[in-house]
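A short write-up of the structure that comes next.
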Amino acid sequence: MNSTAFLNIENLCKSFAHRSVVSDFCLAVNQGELVSLLGPSGCGKTTTLRLVGGFLEPDSGEIFLDGIAIQNLLPENRPVCTVFQSYALFPHMTTLENVMYGLRCSGLGFQPSRHKALEMLSTVGLADQASQNVTRLSGGQQQRVALARVLVLNPKVLLLDEPFSNMDANLRVQMRDEVRSLQSRFNLTTIFVTHDREEAMGLSDRIAVMQDGCIVQFGTPREIYTSPVNLYVAECVGHVNKVHIGDRVLAIRPEHVQINKDRGEHNGIVVSVSYLGFITRYLIDYQGDQISVDVISGHSPDLRQGEQVSLSFGSSFPVV
Ligand code: ADP
Ligand code: MG
């Protein structure tokens, strides 16, 4: 337990029909921090987020925000805002009306709501779309409206559930940068749910890797990548080779294998070479194990399919 954290989630449990989906989930998030929940589909990320947002009631456990227990508050009374996977914008309203809606519901008058909403729209670069019907906006713009709509309510915690999953690859990267910049500009404590390792690595201050409703490891992207506690975590954040050496199995990242062409005893055969731009990926048959080896393209050896090579191995993880 970390009682000094801004958001403290303690021993949260939730079952559906006697099946445990979130079990003894504990997480402490600092003010202004962006924490990702990373794990495969079905591991309980959305359920956890819904418990924090107040849309589901936990079977047990507590949630403290700024020292105050919030688990019994209704969603609308929690200083927590959620952006769902489907942005759930009001299709019959304009961009401005969508952003004003929450403010009006909280009792703010029309003119001050309009003023605040317009200000927020210019912060997210959509001032010129204020009077446009939201359904006329592009996917990226709609995502920005969804963000503007919650940011304008000045929440203490922002919850994002796979917010970019409906977008193409280029837009995802652009939106990732935009969310990060808004989040740090507002110093907004954020929990970001994703099953995309690159998104989690690129966006997070810390990543909580989830498996079967609990956190297996919590740390910075670097810690998780370089010192995973087990193979599951290692594979959640990057490719891992499993290499049999004698009667041992080592787990080794593709960039920690060296290929030598002209020295050392030949122990591998090139299966394929893929030029991926910045890196070149070689698939090598190493005594029956198929091993991926990544080399920065400027330093990549000139190898052909079927050629014999010598592999040597750098840092590895234990296979637990
Ligand atoms: P994730 O977001 O990581 O994909 P979810 O939290 O959505 O995972 O779901 C975790 C598990 O709980 C899944 O097996 C899902 O089918 C189940 N589940 C989620 N919501 C309900 C519900 N309302 N009733 C029954 N089972 C549910
Ligand atoms: Mg989900």
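Counting from 1, the numbers follow the sequence of the chain as shown. Since this is a predicted model, take the numbers as computed values, not measurements. All ligand and atom numbering here is 1-based and tracks the order in the structure.
Figure legend: cation-pi geometry between Arg180 and Phe192 absent, as NZ or CZ is not positioned both under 6.0 Å from the six-membered ring centre and within 45° of its axis.
Considering Asn30, Leu34, Val29 as possible partners of Arg206, the one that fulfils the side-chain contact (heavy atoms from CB on, under 4.5 Å) test is Asn30.
The proximity of Val21 to ligand 1, defined as any non-hydrogen pair under 4.0 Å, is limited to the side chain.
For CD of Gln290, the number of neighbouring non-hydrogen atoms (other residues, nucleotides, ligands) closer than 6.0 Å is greater than 12. Within a 6.0 Å radius of NZ in Lys261, other residues, nucleotides and ligands contribute more than 12 heavy atoms. Applying the 6.0 Å contact sphere to NE2 of His115 captures no more than 12 heavy atoms from other residues, nucleotides or ligands.
Counting protein heavy atoms only, atom 9 (O) of ligand 1 is closest to Thr47 OG1, 3.9 Å. From the protein, the heavy atom lying nearest to atom 23 (N) of ligand 1 is Phe16 CE2, 3.6 Å. For atom 15 (C) of ligand 1, the nearest protein heavy atom (residue, atom name, distance) is Arg19 NH2, 4.0 Å. Residue, atom and distance of the protein heavy atom nearest to atom 7 (O) of ligand 1 are Thr46 CB, 3.6 Å. Nearest to atom 4 (O) of ligand 1 among the protein's heavy atoms is Gly42 N, 2.6 Å. With respect to atom 8 (O) of ligand 1, the closest heavy atom belonging to the protein is Gly44 N, 3.3 Å.
Separation of atoms OG1 (Thr48) and NZ (Lys45) is listed at 9.0 Å; rounding is to 0.5 Å.
In the model, Asn133 has a side-chain atom that pairs as donor or acceptor with a side-chain atom of Thr135 under 3.5 Å.
At least one N/O-N/O distance between Lys45 and ligand 1 falls below 3.5 Å.
The atoms of ligand 1 that sit less than 4.0 Å from any heavy atom of Ser41 are 4 (O).
Judged by the shortest distance from any of its heavy atoms, Gly39 lies outside the 4.0 Å radius around the atoms of ligand 1.
The nearest N, O or S atom of Thr46 is closer to the Mg ion (ligand 2) than 2.8 Å.
Side-chain contact between Thr194 and Phe164 is absent, with no heavy-atom pair separated by less than 4.5 Å.
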